[in-house]
2 protein chains.
Amino acid sequence: MARHDVPGDRPAEQPPDAGQDRRELIRLAAVELFARHGYRGTTVRAIAERAGVDPALVMYHYGSKENVFSTVIRETMRAEELLPELPRLLDEVADTDSADDPAADGTCPGGPGSRLLRGFLTRWEDAATRPSLLVVFRSAMEHPEASQLFREVAGGELLLPLARRIPAPDPELRAALVASLLVGLVTGRYVVPIEPLAGMELDTVVGLYGPYADDMLLGRLGGSPPPGRPGG
Amino acid sequence: MARHDVPGDRPAEQPPDAGQDRRELIRLAAVELFARHGYRGTTVRAIAERAGVDPALVMYHYGSKENVFSTVIRETMRAEELLPELPRLLDEVADTDSADDPAADGTCPGGPGSRLLRGFLTRWEDAATRPSLLVVFRSAMEHPEASQLFREVAGGELLLPLARRIPAPDPELRAALVASLLVGLVTGRYVVPIEPLAGMELDTVVGLYGPYADDMLLGRLGGSPPPGRPGG
DNA sequence: ACTTCTGTTCAACGGATGTTGAGGATCCAG
DNA sequence: CTGGATCCTCAACATCCGTTGAACAGAAGT
């Protein structure tokens, strides 16, 4: 019997070149195809063909199509993989002492929001990483498991730790705001590219969106007149 | 032969109660299912069953599954349907004379961006309209035709007219910025709901996002966000 | 009454899909 | 040499898919 196990026990006792290379080949093919055509648009046979392998081997290694998908999603959605510089960014967010008016100082060219933005976008710019991210992103709109996993990781492992460090009122709200800003940006730049957003330089994008991200994290929410919600 | 015509010639000469009610019933069932399960996740048989009709009748009226989908998409993506108050909003955008510093006047509780936001969100809040919007939104990430149509309508009929009226530099860029803001907001509130964004009152959302939308439309890009210093 | 047209159903087709069971190849232990 | 274990292929399975052709009911025109 092969190991179709989702759990994290990786014995890694057998020689790494024996069999596991084909399994990895299948996974990579699956990432590519899931990213392009979504869950239902990708067939087990297509994955096998792209990996140069018999369809039955996919079942042998993963047990089911659903399990291939699960594996790909979970692999991608590990926070360390998704945003390796997260701990450093968290510290930067917490280090910002001018909580109420971060821009009045005039000395910060890019606040923590800008740096968070740049971190994510850098991952997306990498042609090797983008397919994996696209899998999660696209299928979060199609596949229930992907949707839930997306919520769990995005919320629990990224936004919540971020929110806890924000030295400003309503941290969860601020985290959600930045998240939605990022989702919109990524969608318009990589998923359904619209110009001129898709063609701009990374630095230009960060320069444009950064101030909004910074303000969402540390600024005074609600703009000029506080509509109904007393911030603090 | 039935009329599987996509083109806009609507003779509407035959009695409206003859046969056309079943056709409409099928379309409504399709909207609901496409919204929930996407294009590939929805089968002709499922549409037929939900409409209480034989699968062959779907083919008779629409010719193909692809055509059912096209019809649904095009029906939803008509600008008048999508945002009926667009002309009024365009005038409001153009009427803002304080191009450089819209917030300094202190008399506008919500700028044109806020009103644009409110217009879209109001459509999304309507439980009867939301499925249609979800169809377009979800399948723009899955189906090539939906993606292209989304780009055409969103870009050509909404953003471009909007951009032309903006009394500020880089109008296309500003339109794209607002679009991405809206996409992120809608995604986090309706498509993959995340808290506290999904549970907030409409007014609260407009109060939070409005200033950013206003600044994207009329503010000084790349500089300080709305509550910051006046850009002089 | 006879035909014609439209709306509708029924039963079926060919093809694609996820999955499986039997078995081949290779290697290592007894 | 035997026997199990691991990796892998082949051929097939049952099911579901979109689509089609034949046929039927009813209204309308002749």
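Residue numbers start from 1 in every chain, and the chains themselves are labelled A, B, ... in the order their sequence lines are given, proteins ahead of strands.
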- request: Consider the side chain of Pro55(B), meaning its heavy atoms from C-beta on, and name the nucleotide among dT19(D), dT20(D), dT20(C) that approaches it most closely.
  value: dT19(D)

query: Is the backbone N or O of Gly199(B) less than 3.5 Å from a side-chain atom of Glu195(B), with the two atoms forming a donor-acceptor pair by type?
result: yes

message: If you only use heavy atoms from C-beta on, which nucleotide in dC8(D), dT19(D), dT19(C) is closest to the side chain of Lys65(A)?
response: dT19(C)

- request: Whole angstrom is fine here: how far is it from CG in Leu33(B) over to P in dG18(D)?
  value: 12 Å

- request: State plainly whether the residues Arg189(B) and Glu125(B) are in salt-bridge range, i.e. N to O under 4.0 Å.
  value: yes

- prompt: In whole angstroms, how far is the C1' atom of dG18(D) from the CG atom of Asn67(B)?
  reply: 14 Å

message: Ignoring hydrogens and geometry beyond distance, is a side-chain donor-acceptor pair present between Ser114(A) and Tyr209(A) at under 3.5 Å?
response: no

- line: Taken to the nearest whole Å, CE/Met59(A) to P/dA11(D) is 19 Å

Integer-rounded Å distance: dA25(C) P and Arg22(A) CZ: 15 Å

message: Let's see if you can work this out: which of dC10(D), dT19(D), dT6(D) has an atom nearest to the side-chain heavy atoms of Tyr60(A)?
response: dT6(D)

field: Under 4.0 angstrom between Arg45(B) side-chain N/O and dC16(D) OP1 or OP2
entry: no

- prompt: Whole-Å distance between dC7(D) C1' and Tyr62(A) OH?
  reply: 14 Å

task: Applying side chain to side chain contact (heavy atoms under 4.5 Å, CB included) between Leu121(A) and each of Leu116(A), Leu202(A), Leu182(A), report the one that passes.
output: Leu202(A)

query: For Phe69(A) and dG18(C), what is the distance between atoms CZ and C1' respectively, to the nearest whole Å?
result: 16 Å

- prompt: When the nearest nucleotide of DNA chain D is assigned to Val53(A) and to Arg40(B) on a heavy-atom basis, which residue is associated with the more 5' position?
  reply: Val53(A)

message: I need the CD-C1' distance between Glu24(B) and dT8(C), as an integer number of Å.
response: 18 Å

field: Whole-Å gap separating P (dG23(C)) and CG (Leu57(A))
entry: 20 Å

task: Could you pick out which residue, Asp54(A) or Thr43(A), lies toward the 5' side of DNA chain C when each is mapped onto its nearest nucleotide?
output: Thr43(A)

query: So does Arg23(A) get a side-chain nitrogen or oxygen closer than 4.0 Å to the phosphate oxygens (OP1/OP2) of dT6(D)?
result: no

- prompt: Under 4.0 Å between a side-chain N or O of His61(B) and OP1 or OP2 of dT8(C)?
  reply: yes

- prompt: Any cation-pi pair here, Arg40(B) with Tyr39(A), using under 6.0 Å and within 45°?
  reply: no

